[in-house]
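Taking it in order: structure first as structure tokens, then the write-up.
Here is the naming used below: chain letters follow the sequence lines, and residue numbers restart at 1 for every chain.
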Amino acid sequence: MANEIAIRIKFFSGIDRELKLENYNHEQGLAMNVPAGKRLKWALRTAGMPAFSNHAYFRSGERISTRAKLRNGDEVTCLKPSGGG
Amino acid sequence: MREVIGSNNRILEIDLSTKKFTVSEINKKDRNMYLGGKGMGLKLLYDRMEPGVDPLGEDNMIAFTMGVFMGSGAPCSGRFEAVTKSPLTGIMTCSSCGGPFGMALKTTGWDAMIIRGKASAPVYLAIDSKGVQFKPAKGIWGKDMNQAEAALLKEGAGALVIGQAGENLVRIANIRSGHRFVGRGGMGAVLGSKNVKGIVAKGGEIKIVPAKKEKFKKIVRRFNKYINNNPVTSGTYRSFGTNSATIACNTTGTIPVRNFTGGSHGEVHKISGETMAERFKTKWDTCKPCTIMCGHKGTIAGEERHIPEYETVHLLGSNLEIFDPVAVSDFNELCSKYGMDTISLGGILGWAMEATEKGLIKTSLKFGSTEGVADMIRDIALCRGIGKDLAQGSRLAAKKYGGEDFAMHVKGLELPGYEPRGAVGHGLGYATANRGGCHLSSYVISIEILFNMANPFTPKWKHYMVKFMENLFAAINSLHICQFTAYAVMFEPFLVKVSPFPLLKVLMGNMAPLAMNLMDVSLFPETWHAILGKHYIPYLGMLKFIKAGERVHVLERYMNTREGISKKDDTLPLRLLTEGRKCDAKEHTVPLEKMLKKYYKSRGYDENGIPKKRLLRRLGIKIQ
């Protein structure tokens, strides 16, 4: 449909397990078609993410908030805050 | 077991040349000014060691210092500090280490141990509350770390050992305490140069009791609550270890790829913490006591092994374009056996692969290939063939063969697993870190990337962030408690918790001093005061604590300037200043010069990076 866009969300830090996504593949992520103009928050809710989750989201190497508007072909990485070593 | 209130305050000074030891007391004024751990180690050597000594000579000293927290029951306090002059960099190096040795030495009754001189033949030192016995190391000299440690642990609760790399004076040799390491700067070679194979402490002779027991109990409860509430210290570290940061860093182009040319890589998920946890069925294997539990072990290639840490994964993995976690674990195991720093080794191998590609040296090493890597690790540890030159570190190897522009080190210490062109404040932190290319001195990438509190590409206020974090971490490493606890404590204050995140970000970007001072870290000094039975004055106590951190950092800098360090050394490899990363269309570089000027000014250094007399006097550092 013309008013739909294709996006992909990659979940890490065990979030995929918490969302109970079946046959989830880290390389492929979760492919979704969402109505044009929707925000990341909408896509996450649709994927089963509870509201007020304390996660970090990245698009094209930059941190984004859940209020970011989605664009066709977006690949969003979703992970829990982490420290290094 | 004898009970000791607060701290035992005893120093064991060992002279290997004369096979004698003396016992002295920690000066109360020094305790107040330098806290313990790192600060105390530096102060003890500052008072005893002349500048200009050969790091591998008899006159170099190595200090092992426990903090006040060790043995008290404070969370994440199973850490001690080692301080010496580094054979890799020629300047002071300090290293924080977990594992059982620190607790064993402290509960044997020693707060600090200083070793000087050189034994006439290989020895190991057996420490009890009365002093030290010098025992011949005939049976363990030439053995690897696993064998040497197993032998020494028959005589005590905790041991430090070196491997063959330390014996062979490899400049990246480390020292092992259980599954943890005094890793950076080649301290294993310092012990090797003194003919010391290991040190074993009896342990269990004294029990430390906090002076203000009830207050201390309340503080510990609060500390544990903070750690257990924080998503990093209670979540990702526990589940995936330090390697939990891999995906975030890869996504933002801040991992080293192909000797710091790439920034990110499509295959990195194969070596991520998540993948390793799932594939190797990891479980906790951590320091004691610890509430965070970042250390993990699992089943790899049919045997139980320690899971490689973030730094190891990236220097021996992505930096060499190797994305096979079993191969990375194999290399890590070799380092644990021979006793070498995985960060420096990865930096050296990265340089060697690029130098081979450019025809400067002849090896079988190739980016993306595991072939020849394990053999080269053995050659470096045993100083065979070209391994003998690589064992001197990337700076000296590049000086001999060429390729200095792509030898990725600062002041001779190879860079850790963060690509600073994607986090420029972290780049400033590399340039100004006292021991050379070190991520732990300020770790500003946590503000820029991991917690997303500042734009990672702008130099704005980065000088202040680096300075604040350097002071804080120097103080924390002097207490001495795991640096990771800072994440849990810093974000707990009421004002920080109730402020909307975008507001904090705007504050951090535009008024960093205000934003950073909202981060109340008073829990650290409150604990120190409760253990020693001192009166803690809210807020003023915290300012005094941060000032102690500043004193420790500046003392180390001052000691380094006496060794010839100045602005010319506070720099980054040319690649980071002039070339963009492959993953970055905008080709960002690190605008170092801009940040460095402001950093010097805010620190109170002159334009050449030398601490001004006024600053030294303000901090109570005796000018020598």
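Heavy atoms of B:L440 lying under 4.5 Å from chain A belong exclusively to its side chain. Looking at B:T252, both its backbone and its side chain come within 4.5 Å of chain A, counting heavy atoms on both sides.
One distance of note links CD of A:E27 with NZ of B:K270; it measures 6.5 Å at 0.5 Å rounding. Note that the OG1 atom of A:T77 and the CG atom of B:N250 stand 8.5 Å from one another [nearest 0.5 Å].
Other residues, nucleotides and ligands contribute at most 12 non-hydrogen atoms within 6.0 Å of the CD atom of A:E62. Heavy atoms of other residues, nucleotides or ligands lying less than 6.0 angstrom from CD of B:E267 number more than 12.
Between the side chain of B:T236 and the backbone N or O of A:P81, at least one donor-acceptor pair lies under 3.5 Å.
Contacts between residues 7-17 of chain A and chain B, counted as heavy-atom pairs separated by less than 4.5 Å, involve A:F12, A:S13, A:G14, A:R17. Contacts between residues 448-456 of chain B and chain A, defined by a heavy-atom separation under 4.5 Å, are made by B:I449, B:L450, B:F451, B:N452.
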Run the side-chain donor-acceptor check on residues 414-423 of chain B: report pairs under 3.5 Å with partners two or more places apart or on a different chain.
| residue | atom | partner | partner atom | Å |
| --- | --- | --- | --- | --- |
| B:E414 | OE1 | B:S344 | OG | 2.7 |
| B:E414 | OE2 | B:S394 | N | 2.8 |
| B:E414 | OE2 | B:S394 | OG | 2.8 |
| B:Y418 | OH | A:G85 | N | 3.2 |
| B:Y418 | OH | B:Y443 | OH | 2.7 |
| B:E419 | OE1 | B:R421 | NH2 | 2.8 |
| B:E419 | OE2 | B:R421 | N | 3.0 |
| B:E419 | OE2 | B:R421 | NE | 2.9 |
| B:R421 | NH1 | B:R575 | O | 3.3 |
| B:R421 | NH1 | B:E579 | O | 2.8 |
| B:R421 | NH2 | B:F260 | O | 2.7 |

Could you list the donor-acceptor pairs under 3.5 angstrom formed between side-chain atoms of residues 33-47 of chain A and any protein atom two or more places apart in sequence or on another chain?
| residue | atom | partner | partner atom | Å |
| --- | --- | --- | --- | --- |
| A:R39 | NH1 | A:R67 | O | 2.8 |
| A:T46 | OG1 | A:W42 | O | 2.8 |

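Across B:Y237 and A:G84, no two heavy atoms sit closer than the pair OH-O, 2.7 Å. Heavy atoms only, all atoms of each residue included: A:G83 and B:S244 are closest at O-OG, 3.5 Å. The heavy-atom pair separating B:A245 from A:S82 by the smallest distance is CA-OG, 3.5 Å.
In terms of non-hydrogen atom pairs under 4.5 Å with chain A, the most contact-rich of B:E309, B:H314, B:H439 is B:H439.
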